[in-house]
Every structure is written in structure tokens, then in C-alpha cells.
Amino acid sequence: MEVNIVADREKLNMPVKLRVDNISLSFGGIKALRNVSFDINEGEILAVIGPNGAGKTSLTNSINGFYTPQEGTIYFEGKPINHLPPYKRAKLGISRTFQNIALYTNATVLDNLMAARHIHMKATNLITGAIFYGVAQREEIEHRRRVEEIIDFLEMESIRKTTVGALSYGLRKRVELGRALALEPTLLLLDEPMAGMNVEEKEDMARFIIDIHERQGTTIMIIEHDIGLVMDISHRIVVLDFGQKISEGTPQQIRHDERVIKAYLGQEA
Amino acid sequence: AQLPEFIKHTECEVDLTGETITIYHFGDISGPYAFITQPLLAGLADTIAYWNAHGGICGAMLTTDNKDTGGNPAQTQAHYDYYRALEPKPQLIVLYASGDAELLRNQVAADQIPVIISAGSVEGLYGEDGQTPGWIYATNPLYVDQLGMFCEFVGANPAEFPDPVIAYVSWAGAFGEAAFMPEAIDYCAEQGVKILPEPQYFRPTDTDISTQILNAVDAGANIIYTNSLASGPALIAKTLNDLGLLDEVKLSGVNWALDTSVGLLGRTSLADNGLPAVNGMYGSLPFRWWSEVQHPGVAFNRELATANERALSVQNIAYILGSTLVDLYHEIYVRTVNRVGSLSAITGSDIKETLDNIDYNPLDMYNVNFANGARRSTTGNRIAQMFFINATMTGPATSGDDAMKIPNPDGTNIFVPILVPRTEVQDVPDLRPGN
Amino acid sequence: MEALQKFYRENRTLVTWLMVAAVFIVFYLLTQERLNSLRPSRMVQTTITGLLVGGVYALIALGIVLINKASGVFNFAQGYMMLFGGMLFYSFFSTPNVNPLAAGALAFGTVLMVLAMNGWRELRNLRSLGIGVAAVVVLTLLMSWQGEDVRMLRAIVGGITGSVFVGLFIERFTIRPLIGQPLFTMVLMTLAVSEILKGFVNLIWGSVPISLQIFSGLERLGLPNTIRWEAEFLQGRVVVRTDLLVTFFLALAAFVGFVLFFRYTNVGLAMRASAENQQLAQSVGLRVRVILAVAWGITAILAMLAGVLQGGASQLDLNLPFVAFSAFPAVLLGGLESITGALVGGLIIGLVQDWGNLLYGNQAGTELMPYLVLMIVLIIRPDGLFGEKRIERI
Amino acid sequence: MQAEAVKAPEVRAASSSLTLQVNNIEVIYNSVILVLRGISFTVEPGQVVSLLGPNGAGKSTTLKAISGLLKAEVGEITRGNIMWGNERLDLLSGEDIVRRGVVQVIEGRPLFRHLTVEENLRVGSMTYRGGREFSYDLERVYAYFPRLKDLSKRISGYLSGGEGQMLVIGRALMAHPKLIMLDEPSLGLAPMLVEEIFDIVRNINRQEGTSVLLVEQNAHAALNLADYGYVMENGRIVLDGPAEQLRENADIKEFYLGLNQMGERKSYKDVKHYKRRKRWLG
Amino acid sequence: MASNIRPAGVFDTSYAQDMKINRTRTSRFLANAAFVAVLLLPLLTAEGGLGLSVVPAVWVGIVVRIAIYTIAVIGLNILMGYTGQISLGHAAFVGVGAYSGALMARLWGIPFWIAVPLAGLFTALVGLLFGLPSLRVKGFYLAMATLAAQFIIPWLMRYPMERLTNGSRPLEVPDPQFFGFSFGPQVVMYYLIIPLAVLMAFLARNLTRSRVGRALISVRDNDLAAELLGINVFRYKLLAFFVSSFYAGVAGALWAFDIGSLSLDKFNLALSIEFLAMLIIGGAGFPLGPLFGVAFINILRENIIPNVVSNFKVVLPNVFPFIAVADVESSLVPFLFGLALVIFLIVEPRGLAYRWEILRIAWKIRPYAY
Ligand SMILES: Nc1ncnc2c1ncn2[C@@H]1O[C@H](COP(=O)(O)OP(=O)(O)OP(=O)(O)O)[C@@H](O)[C@H]1O
Ligand SMILES: Nc1ncnc2c1ncn2[C@@H]1O[C@H](COP(=O)(O)OP(=O)(O)OP(=O)(O)O)[C@@H](O)[C@H]1O
Ligand SMILES: [Mg+2]
Ligand SMILES: [Mg+2]
């Protein structure tokens, strides 16, 4: 398998964006991840699939710093980031969406997105913020423009000022994507961004994701159970089962991998 | 209608018929001091009604305007703001709590409103340095002076108090801590009485204070002095009784401690002799008291209380304060009106002038003399002991068997407290800082 | 700063325990002298008194925990419910002939509230109406039973009836309308209820302290006021107050009752479920309103018990609710959801207070130590000793 | 494990002879936001009815209106009524509706996060009067979702998304519903399990006679299972008919089944931007 | 947590317009008019220089107190309304501000206009200390940790620091001096405190609508997500404690200089609770909440309740013979206060400011109902 990856990378000639090196994570007696290793290459869309409870979300959380793996190292752009607190990893350019929507419920869509601009708005601090006029306002307007672009892009104009608490499930998912984008990440982790959408909406989301990837060259890791969609849009796929990586490869390879079929796909594929 | 003979007021020179004089007062009616302030209100109300029925002050009727702070200083401030903004501005205000006086000391001076207060701490009356009299006058001796006088008494009775060591066991807070000052410690040392440097404090809500009492006793105390009232002294006595220390440690306290309320609340903690554990407690008695029946002022109060069907718990020290206060008001206003010429022309500073020169005995119960120099509190005081009356009402009971017991619906007996003075009225020492 | 933060993040446990150790060392150094000079009897005395006093705290804490378990609200009104219950008990206890009309009205009110727990519509149900009428009659008879000897019985029935009424009333008219509102709105609501109760008690019973003599009967049962214990090694005497002992055992009994109740019924589970998410609980068919009402009813009874015991051991006055401020840290120390925690927390706070007063004076025990200990415990265990762990999952 | 493998429980009172009738209801949130603009449909006893529609169409709102959950979300039925047999559900409180046997599986998999998996199931069974069969019911749910059995002592707050979804469905089954309303049951489930879920639903429907109201984005599976379907858009029902008919509808094919004109699956990669315009204008 | 829901219906056409504090001409006019009216107020009283007596003098005191309380409650709003950290110890921090301000003036003769901000800073540091547990301690547990401040701080000031603070005895505060010019009279203090309060409110408003404010709101609504999306949650929690205590400290110091005498009992739990009530009644998480709440509670306490009580004083004991006259006053005040709060919370649990927003929007989108 290792060989495979190396070969792939050489073929695509892409540097490694994120390397997950042999990480293990357990909660008390529960082993969520066992010696998982894989790479995400610069500019690719990598899908992570696996049965429920396989450890996909835990993996994202570990990359993000929400969980601290007991073993192993995570490298981001070649540097280990294990010791970094979550917010610093976000500053490095890792951004994500959440499987169980985690928006700021009592704020408007706009504020949700503006809050995500936090790491880029360096000029505003306690003092300039309190004075507001001048530095802070200028910055505010500049970043508001960026946020509006995202709103435009994701076609959320009409709910711009709606409080997130009043949105339907599907729309919230979209706001989540918007918020993740507002961080201007170089690595975007998407945890089931299309759950609860119908085909048409999934198509929209897929288009957004592909657009992001194409326009900004953002590296994307996506977790998704709609296997058709995964096969369509991802470059490579990593398969987890019971916390272990059981397979890795291109969509074609995965589709025919016996172990994947047995553990995950069922007879459908 | 005529007031009784023994009340000797200055003659009215101005007729105030048709006018009203308001007694403005506010303080803690529902908080920890309720046991004192409720009877105070009763005393005020009864006496005012009586006064108004007997011609008022030179014809002017008395009314009251009062508010409750609940023991919360923020409320004190709010209420004071209300009073000072009244039009016309009050010329005289009555307060009950040392804490309130301390808080408002500067403000009443700035607003030129004199204040009469029944309690007295050094800071309230004289400021931090103890030497700057403000606009506040007290109808009680200062707490620290009371402690000093108790030490004089202890020092003068070595047979009763061999090797006296006093522990200060008291409520926390402005009132409870008021008497514990370096001046008192020094003065007592001069009298041959040691005061332990570590005071012990407790809260009105504490269930058990055996730790504090034992701390005091372990440090060598054989006398406990307390600046608390109602449940405070009763709890100390109960604890001493429970610990079996009643014989070794004597209990004493501030003037509020020698009170009906203590007798009532302490009724169930009975010592080996069958009497409540508070039996024999020492304390200050700056007034005449209910048991001195022959005294006309006391008789007056008794009649008043009986006529208004006041319960035994109300017939206490504060009721007396309330009634005498009305009499004091009478005198102050007559003197001021006589000097100024009309009620509406009186200002706070006119009243202050009267107060600065006053020497008067309200209802003949105690002496108010602010004319003799810089002291702003009364000075006359006695040391007395609390006992319980015997069944024949001839004197203190010696044991539970010969005591008068009134059955209470809750299954206990009420013992009727009497106060027995141990000294004549004499001046308390002046223990303000800087003297 | 960065380096420090990093170090802390990586060695959180170590740092925390080091801090705790430092606190203990400072504590020991500060008290060493005093400790060495203490007679053993003092230590035993303080420990016993502390535990006994802690019994009442535990009882108060138990009520707060129960409400929290059922509704996720911290009941700051517990102290005033205590006061109210105590006063009510006192009225029935010390009035030899209760006005049957008043008793009837109280019984009627309570039964009405109980019947209407889940809504007024229940009143249309004939069967429950019948039971209700019978209950009113029985309660009225019990409460207006004349005579001195049945004083205790009358007071217990009256106290419970009245407390349940108040508990259900509070739930119905103040808590229920706020279901789904932010936490601190609820907090303020319980505080507002405190004010109302305070004013009400003041209006009816006045503000002059009342001595509630429930323990005066102990003597007639042949129990002494105090139990004294002297022994060689104690180098002194240890005294145990019987009233506090009785209080303590009643608190223990209440605790055991609760543990059994929660163990053998589903109610505990239903309570936890509806506390966590009332809307969801409704959607799976739990009668959240009934659960809430039951919790408030029981809590009111617990509060009354605590009020009576505390009032009996000291006196009943408007300051009584402040005792609850010693129970608050007890609740958090033990853990908001834990019955065991309430007991342990109460006892610990009792101990800490008395030991603090023994070693430091200056009110350190009563005012400072409970909260200081609470802070230290919370830093090590943010959810109290036995509390449910906060679930952080994203 | 396949659902068929489970020993079929005997048919009990759960089977229903009652019809759910939603008559022209209108729902307003916060007294300002009009979400449902007159919806009517019927679920006959023992029928499986599927509701389809884009995000924000009001599907969940419809279910909440039926189950009474709306009240807790400052929503209000301002017109129309909901009949369950002869009884008006819109007048009952949420818990009474559950006790009538109408149970909703809420979307977003809400759990009692501090309770264990088994406790969650126990809470679900509390309203079922024949509660003594708890352990039997528990076994049944565990048989449907073997994974839950492994997790039975876990605090449910830590479950993964899919595990939570299983638990939510299992909890609803514990109440022996007569009408079960599933709001996106397949959400977040692995493909294998998605199939199983639909098997389970079919099983419950066939063997116990439970009526099913299904909101599902996986239109393919939903229409396979359903007897009848409704398509909602913007708070209205725009299309309805027997499931077979709907499957053949061109729009349904394109937007809900993701098939192209030829009836083949199209690739997500090929989605073009014209779609956006179409939606904008249409 | 507190809600910041803004009813839909506010539409803007440009960023600049979106950012204005007063969105419309009417609201700007109202705000200015209110400010001018408040500034003119003392001149209209009997004590004012103009010799008019249009407004009772008591209003000067009331407005000053409202201003001081508002500053304190704004602090609480930042901590609770925006960051979602319940605090039951705010009064203790106000106390720290008051005492530190007073002590600076007493011990070192620092002029008050330096002492006030310094006291604010000092209090902010103390607040920071008590904010430290917020890293791990949440919800009611944190509420208790702040309640601990309410017990620990006064105790420390009362006993170990008795030398400085006079313990249970009062502490006199020197008259505020400004280059030898005394600010003794209340009117002068008025013109000092009111503009300062407006400035403080303005700063807080700006802070909460800038990057910092949004970070705080993120922490309130979902601290886990916030941390993962680049916000240093702990830092912002501490920041909230810092700013909140700073406001408390400034309010306390102003209070000290305004009143001239301090006592520890003043900064008790009852005051903390009152702050809480003011915030929630006013509307937690709304910029105007503190002002509304403080004004409402003050008017309730000082105007409405006393009026009602004085009517009941005579009636109640006549109707119910077992009620003592002396108890009516002391019992009805808390009773009515509690009742008012309960009714208010049931009718409008989100607070006055929320209702105000809704009214404003209803006004703007009239005549359409929805
Ligand atoms: N904080 C935690 N404490 C205990 N167990 C946990 C925790 N987080 C995850 N787990 C467990 O670890 C396993 C993996 O969970 P994870 O959420 O990563 O699964 P997943 O692959 O995302 O599944 P799904 O597709 O259902 O979302 C699950 O069994 C879950 O219960
Ligand atoms: N509590 C609420 N307050 C205000 N509006 C709401 C509320 N809940 C839902 N809405 C609005 O009602 C509309 C319908 O929402 P609903 O949740 O019913 O949609 P849905 O069809 O289930 O969509 P999805 O497929 O995304 O779950 C949406 O536009 C949503 O914004
Ligand atoms: Mg997952
Ligand atoms: Mg939905």
C-alpha cells in the first residue's frame, strides 16, 4: 500500500499537504483509531469513508486538535503540529465543517461568517475595536466584502441576516460550508457536508466543492456516505473500519476492493 | 388632655396648631436587627398616638415616615437619597444601625441634616480619627465605652471575677465588631482585665458556635463579652451550657444583650439549676428598665404597652427607646421653635444648635447631655445582671423550681426576665481614638 | 507566555496537582503551630460538630440537586422555601386549635394543584375528582385535629401539605412558563421567587425571630440535651448536641430514601432525561410537566424538613435562608446531578467550616473556606466530585 | 445482520386501524414566518407515505406539526386541523400525541446525551404500557442494530453520528408506535446500513401493521418503499401520487433520483452551472 | 444562552450603512435628544444655577446612580450577554474598584481622574484571576466560582487587609479634586459621570460589534467550534472577564468618589443579584439592555413600589387583622419587587431591549404584519 501512495504522488508530482503518521486514539478502553497513516497531497480531494463508528470524525478531530492522539504524529506542510492548540491549527490554514452542525445559533448568517474571519482581522484588538472608527472600521468593511463574496458564491443572499437558529437543516449545512470557507483555508475538512440533502442539492454542494477546489486550489478532505458522490468527485479514497485503515487508493481501486465491499459498501456496489 | 406630671418640657412660646412634625426614620426592620427594630417601631407608634391625643408638640401633630433597608446598605443609600430630596428637606432624621450612620456620616454633614441614632460607633459619630464630631448624635453610650465600663466593673470586683480574661465573641459586621478597638484593650488592661487579642466572630444564622467558644476558652478566657443581640447572646449561653462551661465562663454584653428577647430565645437551654442558661448574664443598662416599676417613666411605658396590647416580646429595650425618642423630639422642637419663631423656618442647622446645647432627660429614663463638651453620645450607664423572676414576683428566682413559668403553646415555659442593676448610674470612660 | 501556555497544556495534570500540593503545604505551614497545640478533644469535637452541621447542608443540597436533576435549574430559592416550610410547620405546631376553615382551604389548594399537575383538563376526570375530595377531607381533619399531643402529627401533615402547595405553585406559575428560556433567566426567576417568599413570610409571620421548639420533646423521651464523652486520650471533653444528632440522622434517612427511590423507580431516569432536554423528553412521551411538578413538590418537602431542623436547632427568622449559602458550594462540590454528591458535599462543607473556624478564626471557616475549597476542587474536577462529566463532543 | 433474520415478534396492539389526516394546515413560526401554506394529505392505516422536497420546504415542520413539537419551537398551526382517527391531534400536547401512538423520529438525531445507550432506549419505552416486555423490546432493537448492543453501556453523547442515528430510530421503536414518522432516517448512515434501515422500516410496517410517514432525501429508497408519495416545495404540496407513478416522473427523476434523461445515473462532476440559472428563474 | 436574535426585516444597501449605530434619522434624533435632556437636567432643578424648579432635585441623584449602575451592568453584559459566562460576583468587583480607587486617593494622593481608570485596571486584573477557572469550569459551576468571588474578596478586604480598608468600619474617600478644583457638589460630579458613562457605553458597543465582540459571541454560542475555527477561547473568556471587571472597577471608583464613604457590606450578594436582574430585565446580549434594565429597576424600586406600598399600608392591616402595620412596608417591598420580576420574566423573558427591537422593526415594516 505504501508503495502505491509514493507512486501516486510521483505521478501527480504533488507535495504532501498533511501527513497522518501512525496515529492511535483511544477513550478509556475504546479504541477509536489504531495506527492510522496516510497523506493528503497538495491540491487533491481526498475522501475518507467507512462504516459508522469507524473513526472518521475522530480522525478529523485529531487533525484539528480537538482530540489528542495518544500515539503518532500529524505533519502539516512538513511540520509536526501535535503540540499546537486547535485555534493555532486553524491559523495555519486548516478549516472544517462539523457532522453535527455547530454554528453560532444565536447569531446571523453574516455574523457567523464574519466570526470566521477572526484570524485574518489582525488590526482590530481590544483598543482599536473599542474606538472602532478608523482602523477597525476599515478592516471591517474590507472583510465584509470577502464574506459577501462567499455568501454570493454559496447563494445565501436571502438568508444573510437570518438568525441561524431559524434555518432548516440543509441550509445550516450550507452556512457551515460558508463559515469554513471564510477562514480561507488551504486544507478544508468536510465532515458529511451533504447529509440530509436531496440529489439536486447534493449536486449544488458538489459543484461548490469542486469550484472551491478548482478556483482556489484548496486541498480538501471529505467524509461522506453517498458513495456515488464520493467516487465522482474525489481523487483518492481512504477507507477506515474499526479505527483501522483497511484500504486506500483511487475510486476505481476502492470500488473493487473486496474488504471495502464487505465492510462498507455491501452488495450494492 | 395633659401629659403626666413627671415630664418636664420647656414651655411652648409659639402655637403650632394645625401643623405637623414628621419623624423621619429608616433602618433594618426585617433583617438581623428585627428583634430590636420592631419594638422600636411599636414604641414610636404608641407614643406618637398618645402624644397626638395629648396636644402634640405645641399643637403640632406628629407623624412618621419610615422605610426598611433590610440590612442592605445599597438600600440605605437609596432611602437616604429619597429623604434628602424631600421638600422641605427633613430637619432631623432617626437611624438605628451603626453601619447606616457610618455610611451616611459625610452625606448628612454635607446636606446639613442632623441625625439621632440609638446605637453608637466611634466612626459614625466622630469619623475615622475619632475626633471630628459630625451631625450624628447617639442616645446610647458608645459601644467601646460600654466595654470600658464593664472592665471597670470587673476590675473592681476581683472576688466575683478572679483573674479576669475577656474574650470578645460577637457577630461579624459593623455593629458586632464596633467595641473591639485597641483603645478598649488598653483601657481594660489598665483596669487589670485582659482582653484576648483574637476576637471570635459568628453569624446570626450559625447553628453551632462551639468551635468559637472553645477557641476563646482554650485561649484562657473566663468572661465572654458580646456585641450581639437577641439570638446572639442566647446562642452563646446555650453553647456554654451544652459544653458544661457555664460555671467557668461568665457571659456579658452590650446594652442590647440585656433584653427580653434574649430571655425569650434562651428559654429552652436550661442549666442544671433549671433556669435558662442566660441567667446571670452581665451587661450595660443605660436606661431605666421595665422591672423598675416605681419609676414614673417606666410606669408610663407599661401603661402604654398594656393599653396597646403589646406582647411580652415587644416590651423590651427598644420600646423604651421609641417612647423616649418621641419625648426627646418634643423637647428639641419646642426649644428650636422658641428660638427660631416658626416651624417652617427651622433648618437642620437650627436643630443642630439645639442638640449641641441640650441637657435633658427624656421621660426621665436617661440623660441626654451634649452641652458638656464634645461628646455626642449619652454617657450615663449602669452595669446590670439578667435574672428571672420568681413565682411570687418578689425577686430573682434561685432555681427552676421557684421561678415563674408561663406555659407556651409549643410545650415550653417562658421565664420572665428581670434586670438587676449592680452599679449606680455613672459616666462611661471616653475611649475614642486619639484621647 | 507562549511557552508557559504550551507547558501548561502539555502537563495539565501535573501542574494542577502541583498547585494542589502547594496549597496543602501552605495550609500545613500556616496551621502547623496551631495544630500541634490542639488537644485531641478539640479535633474530635470539631469533626463531630462539623459533620452534624453538615447534615443540614446536605439536606438543603439534596433539594437543590433534585430540582437540578429534573429541570436543569439551580434553585436559588431553596433557602426561602426552607423558611416558608419552617414557618408553616411552626404555625401548626404551636397553635393548639387550628381553624378548620383555614386548614380546609390549604388542603383544597394543595389537592387542586396536585390534580392539575399536567393541566387543568385533568379536573374533568371524575375519578380523580373523587379521590381529590377524599384527600381534602382527610387532610383537613388531620390538620385541624385539636390538642397538644397531636401537635407533631398536625404540624407534619400541615407542613407537608403547605409545602407541596407552594412547591407546585412555584413550578406551575414561575418555572413552567420559562421552559426553553436561557439558563440565567431561570436563575433570576428563582431569585425573584425568593423575594416573593421573603415578603410573604415577613407579612404573615413578621420579622421577629421565632424559636421553634421541636426538640423540647426529646427530653420527655428521656434523651438528654447533650451527650458528653470524656476519655483519657482526648485530654478533654467532647460534647454532642442531641438536636444536631437527630437532624443528622433525619438527613441521612432522607438520603437513603432518595437513593432507594431512584434505584427502584424509573422516575430518576425520566427526571434526568427531561432535565437534559425537555423538548426531546416530550417528544418521546414523557410527561415533563408532571415530572417537574413532582420534583418541586418533593423539593418543597425537603426544604421544609431542612427549615424545621435548622429552625429548631437555632431559630426561625428572615436570616434563615442564608444557611443555603453554605449549601450552594456543597451542591457544586458534590456535583450538580449527584445525590451522593449532595450528602458528601454537605458533610465536607460542614467539616471545612468548623475546621476553618478552629484553625483561623475571623470567620474564615464560615465565609471563606467553603468557597475556597470549592474553587480548588473545581479546578481539579470541573464537574464536582460525583457530578456527571460534561460531554464535549463535536 | 439482516432484519429478516430476527424472529418476528407477534403482532400486537401496535397495528393501527386509524387514519392520519392532515387537513389544509398553515404553520407560522415566531408569529411572523409563514412556513406551511395549506398542506393536506392522508396516511391510511398500514400505509407507507413518503414526503419529498428540497431543503427548507417544510417537511420537518409538517412532521412537527403532527407530533406537537411545534409548540416548543414557537411555531403555531394557524389554520386547518390534523385528525388521528376521530381525534384532533393539533389540540393535544406532544406527550399525549406520543401516548396515542404517533411517534416522530426527529432529525438531527437528538439524544439524551448524558444517558447511556440503554437508558436512552429505556426512556423510549416508558410510555408503552406493556412495559414489562422491556427486555424483549430491547433485544429486538439490538437485533436490528447489533452495533448498539456493543455500545449499550456507552454514554450516548459520545456516539458517532451514525451510531446516534441508529439509537434515535431504536428509541422510537421502543414506544411501539402505531404511526411512526421518520425524519431522514438514513442521514449519516453507511450505505449498507441505509439499506438495512429501509428493510427494518418495511419489516415494521408489514409485520406490525405500523403506518409510516417517511421524510427522506434518498428518494430512490424512499419511493421504493412507499405506497404513496408527496412532493413539497416552499410550504406547498406540488405533486403527489402512488410511488410507482412518481418514480417515472421526469422532474423527480432529475432532481430527486439524480438520473438523466436516459434513466442513468449522472456523475456529480458533470454538474454544470446552468443549473443555477434554472433554479434562479424557476 | 442569551439570545441575540434580531428579528428579520432590517435591510441595508451598503456596508457603511449597515455599520451605523443609529440606523435611521429618527433614532439618531432620539438619541441626541435624550442626551441633551440628560445634560440639561440638573439645571432645571431647584439646585440648578437657573433657579428653575421644574424637575425634583432627587432626579439628579437618581440619574447619577443610573449612570454608575449602567457602567457596571454593561460590564456584566459583556461577560454574560455576549460571552455567556454567568457571574454572581459582579458586586464584589465593583467593590474592588471602589476600594482600590479610594485607597489610591487616600494613600498616595492620586488625583481621582487618574485613580478611576487605575482602579478599573486593577479590578480588571483581579477579575482576570477569578476568570482563570473558566478554562475548564462551565455553566453553574462557573456561576459558583464567581459566587466565590463574592465571598472571598470581601472577606479578604475585611480581615487580612483590615489595615488598609478599615475592615467592617467605613472608609472615607477624599473629595475628588481636579487641579485644586473640588468636585464636591453633586452637580459637578453629574457632569463628569454622565459623559463618562456615555463614553463607556459607546466603547462597549463598538467592542461588541467588532472582531472582538464576534469572537465573544462565538464563545457563547459554541465554544468548541469557536476553538476549532481559530478563536483562542480561553483568551477571549479571560478578555471578557478583564473587560467586564474593568467596567465594574470604573463604576465602583466613580461610586466611591461620588458618595464619599464606603462600607464593605454594600458590595454584597444582594447587589450582585440586582445587577443580574437589571441585565436580564433589560435584555442580555443587547447593547441597550443595561440602560433599560437599570432604569427600569431603579424606577420600579424608587417610584412604583413605594407608591403602591404606601397605599397598602393602611388597607392591608385593616383587612387582615393578623398583619402588623410595621411589617407591611418591609414585606411588601420585596414581595412586589419579586412579583414584578416574575411577571416581567414570564411576559418578556428576553428583556426590554428585545421588545424594543421588535417594536422598532414593526414600526419600520408597517403596515405589513409579516
Ligand atoms: N469523546 C469520545 N469519547 C468516547 N468515545 C468516543 C468519543 N469520540 C468518539 N468515540 C467513539 O469512537 C468511535 C468512532 O467515532 P467517530 O465519530 O469517529 O465515528 P465516525 O467514523 O465519524 O462514524 P459516523 O459515520 O457514524 O459519523 C465511535 O464508536 C464513538 O462512539
Ligand atoms: N424555529 C424556527 N423559527 C423560524 N423559522 C423556522 C424554524 N424552523 C424552521 N423554520 C423555517 O421553516 C422553513 C421550513 O423548515 P423545515 O425544517 O421544515 O424544512 P425541511 O423541509 O425539513 O428542510 P430540510 O430538508 O433542510 O430539513 C425553513 O425555511 C426554515 O427557515
Ligand atoms: Mg462521523
Ligand atoms: Mg428537515
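Atom OG in Ser218(E) sits 9.0 Å away from atom CG in Asp111(A) (nearest 0.5 Å).
Taking all atoms of both residues into account, the shortest heavy-atom contact from Ala107(A) to Ile217(E) is CB-CG2, 4.3 Å. Here the closest heavy-atom approach between residue Ser210(E) and residue Gly129(A) is recorded as OG-CA, 3.8 Å. For Lys91(A) against Gly230(E), the heavy-atom pair with the smallest separation is CE-O, 4.3 Å.
By a heavy-atom distance cut of under 4.5 Å, Asn64(A), Phe66(A) are the residues of residues 55-67 of chain A near chain E, going up by number.
Tyr87(A) places a side-chain heavy atom less than 4.5 Å from the side chain of Asn232(E). Using a 4.5 Å cut-off on side-chain heavy atoms (C-beta onward), Leu229(E) and Leu183(A) make contact. Within the 4.5 Å cutoff, side-chain heavy atoms of Met121(A) are placed close to those of Arg214(E). Using a 4.5 Å heavy-atom cutoff, the side chains of Arg220(E) and Asn106(A) are in contact.
For chain A, the nearby part of Val243(E) is the side chain; its heavy atoms alone come within less than 4.5 Å. Within the 4.5 angstrom heavy-atom criterion, only backbone atoms of Asn125(A) (N, CA, C, O) approach chain E. In this structure, chain E has a heavy atom under 4.5 Å from the backbone of Leu103(A), while its side chain stays farther away. Interface remark: Ala226(E) contributes backbone and side-chain atoms alike to the contact with chain A (heavy atom separation under 4.5 Å). For a residue to count as touching a neighbouring chain, one of its non-hydrogen atoms must lie under 4.5 Å from one of that chain's; by this rule Arg179(A) touches chain E with the side chain only.
By the 30° and 60° cut-offs, the orientation of the rings of His118(A) relative to Tyr236(E) is perpendicular.
Of the residues considered (Thr128(A), Ile131(A), Leu92(A)), Ile131(A) shows the highest number of contacts with chain E, using heavy-atom pairs under 4.5 Å. Interface summary for chain A: among Leu203(E), Leu228(E), Val212(E), Leu207(E), the most heavy-atom pairs under 4.5 angstrom belong to Leu228(E). Top candidate by heavy-atom pairs under 4.5 Å with chain E, chosen from Gly165(A), Pro185(A), Ala136(A), Ala130(A), is Ala130(A).
Heavy-atom contacts from other residues, nucleotides or ligands closer than 6.0 Å to CD1 of Ile30(A) number more than 12.
With Phe132(A) as the aromatic partner, Arg209(E) meets the cation-pi criteria of under 6.0 angstrom to the ring centre and within 45 degrees of the ring axis.
The closest side-chain donor-acceptor pair between Asn222(E) and Tyr104(A), if any, does not fall under 3.5 angstrom.
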